[in-house]
Amino acid sequence: MALSPSTTLTPIDQALTQILSGLSPVVGEETVSISAALHRVLAQDIRAPLAVPGYDNSAMDGYAINSRGLNAGAKFPISQRIPAGSVGQPLSADTAARIFTGAPMPSGADAVVMQENCHLEGETVVVEVPVRSGENVRRAGADVQQGELLFNAGHRLRAPDIGMLAGVGLQALTVRRPLRVAVLTTGNELVRPGQTLQAGQIYNSNFYTVSSLLQGLGHEVLDCGIVTDTLQATEQALLEAAQNADCIISSGGVSVGEEDHVRTALNNVGALSFWKLAIKPGKPFAFGTIANKAFFGLPGNPVSAFVNFVLVIRPALARLGGLIEPPTIPWHLPADFEMETTGVRQEYLRVRCLHSANSAPRLQLTGSQSSGVLSSVSHSDGLAIVPANTAVKRGDLLRFLPLSEIVGHS
Ligand code: AMP
Ligand code: MG
């Protein structure tokens, strides 16, 4: 893969195109019950084995009649009763069938008068309104036609999808196996929550952000622990991770300081296609392969790691996991702030979406935009994009990526 030299900044779209063009699905298939299929990725196209509804049926509680030549005020003796779940007899001429929502239409009837538009005189129903043929009848196949393509392979199943598949009688589905993603965090200063902090130490937050993002996207996490800042430990951790996972994500140690060993280690045990991305935050980022497994090296700063994950790793994992992502919705919302001209990097700002009774939603910064300040991500509704070399004036429309759309399904 031809990549730009490490000194130049690669625009995000170009980097993504290059990364994605080199990736294809790596996970096999398995069969799961539809009860366990939520958020799984279909491995095969799905066609409807039968139509929904399977037969013409009533959309209302009321009276099934033959509407031909009917005038308001017409009277019909009630000849049968058809609740949902049972099948009536052919409708005798000039009679009505008492019918309930979901019950099959009796042959000879072409419409249902809702009970609110009728009254009873003993065993006779009086229809108070004009009735059109087909009124309140749900036609066979109106929802789903037999043989219709319901989903393409690569679709991730959402709750109504599962219901629809159950509705056509499918009990088991062939889906992609989840991706097994190795996550290792580098940094001598890191300890896990639950341990006591010594002087100079911080809690490892990136592992938990990244593993939570992975879980939200339906991937399996392989916790490779905290790796000390030496070349040898980093090389060994990368090799082990590659043996046990479909792809590898590291955090930290990807810059150019003496304590940053990820790029050199990757060069030694795999292949590095490193570039710096023209985005802020999230400039340092390493991509490459170890034993033919994709490797993504996130920077250590928590917000840079988050932004890089959602912009680059999320779509890359989708490709590896066989998921065909629907295009993200291009929201554009007005800024409720001003900002000086950006530099050569496209900026991703943490914003909340402000709603008030009399105006359209507006974007407001959630606080410090420093790459180490994770609280302003946590308090945000999403990221607003400011292109390179652009100033923001109040009211300017900015592209907005809602977190709900970019961090997964749950
Ligand atoms: P690095 O990219 O390793 O130079 O780290 C940049 C900054 O991010 C430093 O302040 C690190 O302490 C911090 N950092 C690195 N890894 C983590 C992590 N897993 N959790 C929280 N902060 C981290
Ligand atoms: Mg470090």
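Just follow the structure's listing: the first ligand is 1, and inside any ligand the first atom is 1. For the numbers below, each heavy atom of this structure counts, side chains included, while hydrogens, waters and symmetry mates do not.
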| For atom 14 (N) of ligand 1, which of G300, S205, S371 has the closest heavy atom? | G300
| For ligand 1, the portion of E189 having any non-hydrogen atom under 4.0 Å away | side chain
| request: Look at atom 7 (C) of ligand 1 and say which protein heavy atom is nearest, naming residue and atom and giving the distance to 0.1 Å. | output: N301 OD1, 3.4 Å
| message | Looking at ligand 1, would G187 count as a contact under a 4.0 Å heavy-atom criterion? | response | no
| task | Taking only Lys NZ, Arg NE, NH1 and NH2, and the carboxylate oxygens of Asp or Glu, determine whether E123 and R98 approach each other closer than 4.0 Å. | result | no
| request: Run the salt-bridge test on E30 and R176 with the 4.0 Å N-O cut-off and return the result as yes or no. | output: no
| What part of V254, side chain from CB on, backbone N/CA/C/O, both or neither, has a heavy atom under 4.0 Å from ligand 1? | neither
| Protein contact to atom 4 (O) of ligand 1 [nearest heavy atom, distance to 0.1 Å] | D260 OD1, 3.8 Å
| message | So that I can tick it off, tell me whether D56 and R139 are bridged by a salt bridge, with the cut-off set at under 4.0 angstrom between side-chain N and carboxylate O. | response | yes
| said: Does the Lys NZ or Arg CZ of R192 fall within the cation-pi geometry relative to Y203 - under 6.0 Å from the ring centre and within 45° of the axis? | reply: no
| query | When you check the gap from the basic side-chain N to the acidic O, do E338 and K393 get nearer than 4.0 Å? | reply | no
| field | G253, any N or O under 3.5 Å of ligand 1 N or O | value | yes
